[in-house]
Protein chains: 2
Amino acid sequence: MAIGRRPGAYVCGIDAAMDVIGGKWKVLILWVLHERPHRFGALRRAVPGVTEKVLAAQLRELEADGIVHREEYDEVPPRVEYSLTARGETLNEALGPLGAWGRENLLGGATASHGVPGLVGQEAAR
Amino acid sequence: MAIGRRPGAYVCGIDAAMDVIGGKWKVLILWVLHERPHRFGALRRAVPGVTEKVLAAQLRELEADGIVHREEYDEVPPRVEYSLTARGETLNEALGPLGAWGRENLLGGATASHGVPGLVGQEAAR
DNA sequence: CTGTATCCATAGCGATACTG
DNA sequence: CAGTATCGCTATGGATACAG
(Lines give C-alpha, C1' and ligand atoms only; values in the text may rest on other atoms or scores of the structure.)
Protein backbone atom coordinates (compact mmCIF):
# COMPACT_ATOMS: atom_id res chain seq x y z
CA MET A 1 0.00 0.00 0.00
CA ALA A 2 0.96 3.62 0.35
CA ILE A 3 1.72 3.82 -3.32
CA GLY A 4 -0.38 3.81 -6.44
CA ARG A 5 -2.58 6.69 -7.44
CA ARG A 6 -5.99 5.08 -7.02
CA PRO A 7 -5.76 3.37 -3.62
CA GLY A 8 -8.55 0.88 -3.07
CA ALA A 9 -9.78 0.97 -6.65
CA TYR A 10 -7.99 -2.14 -7.85
CA VAL A 11 -9.54 -5.52 -8.39
CA CYS A 12 -6.25 -7.40 -8.60
CA GLY A 13 -2.52 -6.81 -8.48
CA ILE A 14 -2.25 -6.54 -12.23
CA ASP A 15 -4.32 -3.45 -12.72
CA ALA A 16 -2.66 -1.86 -9.72
CA ALA A 17 0.69 -2.47 -11.39
CA MET A 18 -0.72 -1.25 -14.70
CA ASP A 19 -1.52 2.03 -13.02
CA VAL A 20 2.10 2.42 -12.02
CA ILE A 21 3.60 1.54 -15.40
CA GLY A 22 0.72 2.82 -17.51
CA GLY A 23 2.37 6.01 -18.71
CA LYS A 24 3.50 6.10 -22.28
CA TRP A 25 7.21 6.31 -21.46
CA LYS A 26 7.47 4.70 -18.06
CA VAL A 27 8.69 1.27 -19.06
CA LEU A 28 11.28 2.93 -21.28
CA ILE A 29 12.42 5.06 -18.36
CA LEU A 30 12.62 1.93 -16.24
CA TRP A 31 14.59 0.22 -18.94
CA VAL A 32 17.09 3.06 -19.22
CA LEU A 33 17.46 3.61 -15.48
CA HIS A 34 17.97 -0.06 -14.80
CA GLU A 35 21.32 0.06 -16.49
CA ARG A 36 22.62 2.98 -14.50
CA PRO A 37 21.47 6.27 -12.96
CA HIS A 38 20.89 9.09 -15.40
CA ARG A 39 20.57 12.81 -15.09
CA PHE A 40 17.59 14.59 -16.57
CA GLY A 41 19.22 15.60 -19.82
CA ALA A 42 20.77 12.20 -20.40
CA LEU A 43 17.42 10.59 -19.77
CA ARG A 44 15.80 12.87 -22.28
CA ARG A 45 18.33 11.89 -24.92
CA ALA A 46 18.03 8.21 -24.02
CA VAL A 47 14.25 8.25 -24.41
CA PRO A 48 13.83 9.50 -27.96
CA GLY A 49 10.74 11.55 -28.64
CA VAL A 50 9.77 12.49 -25.11
CA THR A 51 9.39 16.17 -24.27
CA GLU A 52 10.70 17.80 -21.12
CA LYS A 53 7.29 18.38 -19.64
CA VAL A 54 6.12 14.83 -20.11
CA LEU A 55 9.40 13.32 -18.94
CA ALA A 56 9.29 15.44 -15.80
CA ALA A 57 5.67 14.45 -15.15
CA GLN A 58 6.31 10.74 -15.57
CA LEU A 59 9.37 10.96 -13.34
CA ARG A 60 7.27 12.68 -10.67
CA GLU A 61 4.73 9.89 -10.78
CA LEU A 62 7.36 7.17 -10.68
CA GLU A 63 8.94 8.97 -7.76
CA ALA A 64 5.61 9.25 -5.95
CA ASP A 65 5.11 5.53 -6.47
CA GLY A 66 8.50 4.76 -4.97
CA ILE A 67 9.96 3.43 -8.20
CA VAL A 68 12.66 5.99 -8.90
CA HIS A 69 14.83 8.01 -6.58
CA ARG A 70 15.55 11.66 -7.27
CA GLU A 71 18.84 12.98 -5.99
CA GLU A 72 19.35 16.70 -6.25
CA TYR A 73 22.86 18.09 -5.98
CA ASP A 74 23.13 21.69 -4.94
CA GLU A 75 25.66 22.71 -7.51
CA VAL A 76 25.95 25.14 -10.31
CA PRO A 77 25.06 24.27 -12.95
CA PRO A 78 22.25 22.28 -11.34
CA ARG A 79 22.47 18.51 -11.37
CA VAL A 80 19.79 15.96 -10.63
CA GLU A 81 20.26 12.24 -10.84
CA TYR A 82 17.53 9.67 -11.20
CA SER A 83 17.97 6.05 -10.23
CA LEU A 84 15.84 3.03 -9.48
CA THR A 85 14.87 2.29 -5.90
CA ALA A 86 14.91 -1.26 -4.57
CA ARG A 87 11.21 -1.42 -5.35
CA GLY A 88 11.94 -0.21 -8.85
CA GLU A 89 14.43 -3.03 -9.30
CA THR A 90 11.90 -5.64 -8.24
CA LEU A 91 9.34 -4.10 -10.58
CA ASN A 92 11.85 -4.33 -13.38
CA GLU A 93 12.38 -7.99 -12.63
CA ALA A 94 8.64 -8.61 -12.54
CA LEU A 95 8.50 -7.04 -15.99
CA GLY A 96 11.02 -9.54 -17.32
CA PRO A 97 8.61 -12.30 -18.36
CA LEU A 98 6.34 -9.78 -20.03
CA GLY A 99 9.24 -8.41 -22.00
CA ALA A 100 10.22 -11.92 -23.03
CA TRP A 101 6.67 -12.58 -24.13
CA GLY A 102 6.64 -9.40 -26.17
CA ARG A 103 9.91 -10.22 -27.86
CA GLU A 104 8.80 -13.71 -28.76
CA ASN A 105 5.27 -12.90 -29.82
CA LEU A 106 5.50 -9.37 -31.14
CA LEU A 107 9.03 -8.83 -32.30
CA GLY A 108 10.18 -12.24 -33.36
CA GLY A 109 12.94 -12.25 -30.76
CA ALA A 110 14.99 -9.66 -32.66
CA THR A 111 15.31 -6.70 -30.31
CA ALA A 112 17.29 -5.78 -27.24
CA SER A 113 16.32 -7.19 -23.87
CA HIS A 114 14.59 -5.26 -21.14
CA GLY A 115 17.18 -5.41 -18.47
CA VAL A 116 16.41 -8.81 -17.11
CA PRO A 117 19.34 -9.45 -14.78
CA GLY A 118 22.03 -11.25 -16.69
CA LEU A 119 20.69 -10.29 -20.08
CA VAL A 120 21.23 -6.55 -20.21
CA GLY A 121 24.26 -5.32 -22.05
CA GLN A 122 25.43 -1.97 -23.36
CA GLU A 123 22.49 -1.33 -25.65
CA ALA A 124 21.19 1.63 -23.73
CA ALA A 125 24.59 3.09 -22.95
CA ARG A 126 24.59 5.95 -25.46
CA MET B 1 5.29 -10.76 -35.18
CA ALA B 2 2.20 -10.07 -37.27
CA ILE B 3 0.45 -8.79 -34.19
CA GLY B 4 0.56 -5.53 -32.32
CA ARG B 5 -0.88 -2.32 -33.64
CA ARG B 6 2.31 -0.34 -34.15
CA PRO B 7 4.58 -2.78 -36.00
CA GLY B 8 8.20 -1.67 -36.01
CA ALA B 9 7.67 1.14 -33.53
CA TYR B 10 8.85 -0.70 -30.45
CA VAL B 11 12.19 -0.33 -28.78
CA CYS B 12 11.90 -3.46 -26.64
CA GLY B 13 9.52 -6.30 -25.92
CA ILE B 14 8.01 -4.50 -22.96
CA ASP B 15 6.48 -1.59 -24.75
CA ALA B 16 5.27 -3.93 -27.48
CA ALA B 17 3.49 -5.94 -24.79
CA MET B 18 2.25 -2.72 -23.20
CA ASP B 19 0.58 -1.86 -26.47
CA VAL B 20 -1.33 -5.14 -26.37
CA ILE B 21 -2.46 -4.89 -22.75
CA GLY B 22 -2.60 -1.11 -22.58
CA GLY B 23 -6.37 -0.73 -22.70
CA LYS B 24 -8.13 0.18 -19.51
CA TRP B 25 -10.00 -3.13 -19.21
CA LYS B 26 -7.79 -5.59 -21.05
CA VAL B 27 -6.04 -7.19 -18.11
CA LEU B 28 -9.40 -7.58 -16.39
CA ILE B 29 -10.78 -9.28 -19.49
CA LEU B 30 -7.74 -11.54 -19.53
CA TRP B 31 -8.27 -12.31 -15.88
CA VAL B 32 -11.92 -13.21 -16.36
CA LEU B 33 -11.39 -15.22 -19.53
CA HIS B 34 -8.54 -17.18 -18.04
CA GLU B 35 -10.92 -18.92 -15.71
CA ARG B 36 -13.34 -20.04 -18.41
CA PRO B 37 -14.83 -18.82 -21.69
CA HIS B 38 -17.52 -16.17 -21.38
CA ARG B 39 -20.20 -14.88 -23.66
CA PHE B 40 -20.50 -11.16 -24.29
CA GLY B 41 -23.16 -10.48 -21.70
CA ALA B 42 -21.47 -12.54 -19.02
CA LEU B 43 -18.24 -10.71 -19.72
CA ARG B 44 -19.98 -7.39 -19.37
CA ARG B 45 -21.34 -8.40 -15.97
CA ALA B 46 -17.98 -9.82 -14.89
CA VAL B 47 -16.15 -6.60 -15.72
CA PRO B 48 -18.00 -4.07 -13.64
CA GLY B 49 -18.23 -0.58 -15.06
CA VAL B 50 -17.39 -1.29 -18.67
CA THR B 51 -19.85 -0.22 -21.36
CA GLU B 52 -20.84 -2.33 -24.34
CA LYS B 53 -19.05 -0.15 -26.83
CA VAL B 54 -15.77 -0.15 -24.99
CA LEU B 55 -15.94 -3.85 -24.19
CA ALA B 56 -16.58 -4.65 -27.83
CA ALA B 57 -13.70 -2.42 -28.93
CA GLN B 58 -11.23 -3.96 -26.49
CA LEU B 59 -12.32 -7.45 -27.48
CA ARG B 60 -11.74 -6.57 -31.14
CA GLU B 61 -8.23 -5.41 -30.38
CA LEU B 62 -7.43 -8.45 -28.29
CA GLU B 63 -8.78 -10.61 -31.07
CA ALA B 64 -6.70 -8.79 -33.68
CA ASP B 65 -3.65 -9.32 -31.50
CA GLY B 66 -4.34 -13.04 -31.30
CA ILE B 67 -5.05 -13.01 -27.57
CA VAL B 68 -8.72 -13.97 -27.50
CA HIS B 69 -10.74 -16.22 -29.74
CA ARG B 70 -14.24 -15.27 -30.85
CA GLU B 71 -16.61 -18.14 -31.56
CA GLU B 72 -19.90 -17.21 -33.13
CA TYR B 73 -22.74 -19.71 -32.97
CA ASP B 74 -25.42 -19.32 -35.60
CA GLU B 75 -28.35 -19.69 -33.27
CA VAL B 76 -31.30 -17.70 -32.21
CA PRO B 77 -30.98 -15.94 -29.93
CA PRO B 78 -27.43 -15.11 -31.03
CA ARG B 79 -24.57 -16.50 -29.00
CA VAL B 80 -20.91 -15.55 -29.10
CA GLU B 81 -18.27 -17.00 -26.86
CA TYR B 82 -14.93 -15.48 -26.07
CA SER B 83 -11.97 -17.50 -24.85
CA LEU B 84 -8.23 -17.17 -24.54
CA THR B 85 -6.01 -18.44 -27.33
CA ALA B 86 -2.81 -20.32 -26.56
CA ARG B 87 -1.00 -17.02 -26.99
CA GLY B 88 -3.41 -15.44 -24.57
CA GLU B 89 -2.62 -18.11 -22.02
CA THR B 90 1.11 -17.49 -22.30
CA LEU B 91 0.51 -13.76 -21.98
CA ASN B 92 -1.49 -14.42 -18.84
CA GLU B 93 1.38 -16.43 -17.43
CA ALA B 94 3.85 -13.70 -18.33
CA LEU B 95 1.63 -11.30 -16.40
CA GLY B 96 1.90 -13.46 -13.28
CA PRO B 97 5.05 -11.91 -11.77
CA LEU B 98 3.72 -8.42 -12.41
CA GLY B 99 0.50 -9.29 -10.63
CA ALA B 100 2.46 -10.69 -7.72
CA TRP B 101 4.52 -7.52 -7.58
CA GLY B 102 1.37 -5.42 -7.57
CA ARG B 103 -0.19 -7.43 -4.79
CA GLU B 104 2.90 -7.22 -2.63
CA ASN B 105 3.76 -3.60 -3.28
CA LEU B 106 0.42 -1.97 -3.94
CA LEU B 107 -2.21 -4.01 -2.19
CA GLY B 108 -0.37 -5.48 0.74
CA GLY B 109 -1.02 -9.01 -0.50
CA ALA B 110 -4.72 -8.82 0.33
CA THR B 111 -6.48 -9.32 -2.99
CA ALA B 112 -7.26 -12.19 -5.34
CA SER B 113 -4.59 -13.56 -7.63
CA HIS B 114 -4.46 -12.95 -11.34
CA GLY B 115 -4.78 -16.44 -12.61
CA VAL B 116 -1.25 -17.60 -12.19
CA PRO B 117 -1.54 -21.32 -12.85
CA GLY B 118 -2.03 -23.11 -9.59
CA LEU B 119 -3.11 -20.00 -7.75
CA VAL B 120 -6.42 -19.13 -9.36
CA GLY B 121 -9.53 -20.27 -7.58
CA GLN B 122 -13.17 -19.34 -7.82
CA GLU B 123 -12.73 -15.66 -7.06
CA ALA B 124 -13.80 -14.53 -10.52
CA ALA B 125 -16.71 -16.93 -10.81
CA ARG B 126 -19.42 -14.37 -9.96
C1' DC C 1 21.10 22.42 -16.64
C1' DT C 2 16.71 21.38 -14.85
C1' DG C 3 12.88 22.19 -14.93
C1' DT C 4 7.72 25.01 -15.02
C1' DA C 5 3.82 27.50 -17.65
C1' DT C 6 0.85 27.87 -21.22
C1' DC C 7 -1.75 26.39 -24.82
C1' DC C 8 -3.39 22.86 -27.91
C1' DA C 9 -4.30 18.19 -30.24
C1' DT C 10 -5.95 13.80 -29.85
C1' DA C 11 -7.10 9.21 -28.19
C1' DG C 12 -9.60 6.78 -25.19
C1' DC C 13 -13.48 6.33 -22.66
C1' DG C 14 -18.45 6.92 -21.40
C1' DA C 15 -23.79 7.38 -22.07
C1' DT C 16 -27.51 6.72 -24.73
C1' DA C 17 -30.10 5.11 -28.45
C1' DC C 18 -30.77 2.04 -32.00
C1' DT C 19 -30.30 -2.50 -35.12
C1' DG C 20 -29.89 -7.62 -36.87
C1' DC D 1 -28.57 -11.46 -27.22
C1' DA D 2 -24.95 -9.13 -29.24
C1' DG D 3 -23.59 -5.76 -30.83
C1' DT D 4 -23.21 -0.68 -33.81
C1' DA D 5 -23.94 4.54 -34.20
C1' DT D 6 -23.53 8.92 -32.55
C1' DC D 7 -22.12 12.37 -29.60
C1' DG D 8 -19.21 14.41 -26.39
C1' DC D 9 -16.13 14.68 -22.41
C1' DT D 10 -11.77 14.29 -20.05
C1' DA D 11 -7.25 12.87 -19.39
C1' DT D 12 -2.95 12.32 -21.45
C1' DG D 13 0.38 13.80 -23.98
C1' DG D 14 2.89 17.27 -27.29
C1' DA D 15 5.12 22.08 -28.72
C1' DT D 16 6.89 26.09 -27.42
C1' DA D 17 8.36 29.58 -24.42
C1' DC D 18 10.05 31.02 -20.19
C1' DA D 19 12.35 30.70 -15.27
C1' DG D 20 15.60 29.46 -11.25
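Everything numeric here is computed off the predicted structure, so don't read it as measured data. Order of the sequence lines sets the chain letters (A, B, ...), proteins ahead of strands, with each chain counted from 1.
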Measure [atom1]/[X] against [atom2]/[N] and give the value in whole Å, please.
{"X": "B:Glu52", "N": "D:dC1", "atom1": "CD", "atom2": "C1'", "result": "10 Å"}
{"X": "B:Arg79", "N": "D:dG3", "atom1": "CZ", "atom2": "P", "result": "12 Å"}
{"X": "B:Leu59", "N": "D:dC1", "atom1": "CG", "atom2": "C1'", "result": "15 Å"}
{"X": "A:Lys24", "N": "D:dT12", "atom1": "NZ", "atom2": "P", "result": "14 Å"}
{"X": "A:Arg60", "N": "D:dG13", "atom1": "CZ", "atom2": "P", "result": "15 Å"}
{"X": "A:Leu55", "N": "D:dA15", "atom1": "CG", "atom2": "C1'", "result": "15 Å"}
{"X": "B:Arg45", "N": "D:dA2", "atom1": "CZ", "atom2": "P", "result": "8 Å"}
{"X": "A:Lys26", "N": "D:dT12", "atom1": "NZ", "atom2": "C1'", "result": "11 Å"}

Quiz prompt | Side-chain N or O of B:Arg39 closer than 4.0 Å to phosphate OP1/OP2 of D:dA2 | solution = yes
Quiz item: Do any side-chain nitrogens or oxygens of B:Arg44 fall under 4.0 Å of OP1 or OP2 in D:dG3?
Solution: no
Is the backbone N or O of [Y] less than 3.5 Å from a side-chain atom of [X], with the two atoms forming a donor-acceptor pair by type?
{"X": "B:Glu71", "Y": "B:Glu81", "value": "no"}
{"X": "A:Asn105", "Y": "A:Gly102", "value": "no"}
{"X": "B:Thr85", "Y": "B:His69", "value": "no"}
{"X": "B:Asp65", "Y": "B:Leu62", "value": "no"}

Give one of base, sugar-phosphate or nothing for [X], where a contact means two heavy atoms less than 4.0 Å apart.
{"X": "B:Glu75", "answer": "nothing"}
{"X": "A:Tyr82", "answer": "sugar-phosphate"}
{"X": "A:Gln58", "answer": "sugar-phosphate"}

Quiz prompt | chain A footprint on DNA chain C, 5' to 3' - any atom under 4.0 Å from a heavy atom | solution = C:dC1 to C:dC7
Exercise. Please round to the nearest 0.5 Å and tell me the distance separating atom CZ of A:Arg87 and atom CG of B:Leu106.
Key: 7.0 Å
Exercise. Quick one: closest heavy-atom pair of A:Cys12 and B:Leu107, and the distance?
Key: C-CD1, 3.8 Å
Quiz item: Would B:Lys26 and B:Glu61 count as a salt bridge (Lys or Arg N to Asp or Glu O under 4.0 Å) if you check the C-alpha gap in whole Å, the side-chain angles of each, and the deciding distance to 0.1 Å?
Solution: CA-CA 9 Å; B:Lys26 289 188 182 177; B:Glu61 294 187 0; 2.5 Å; yes
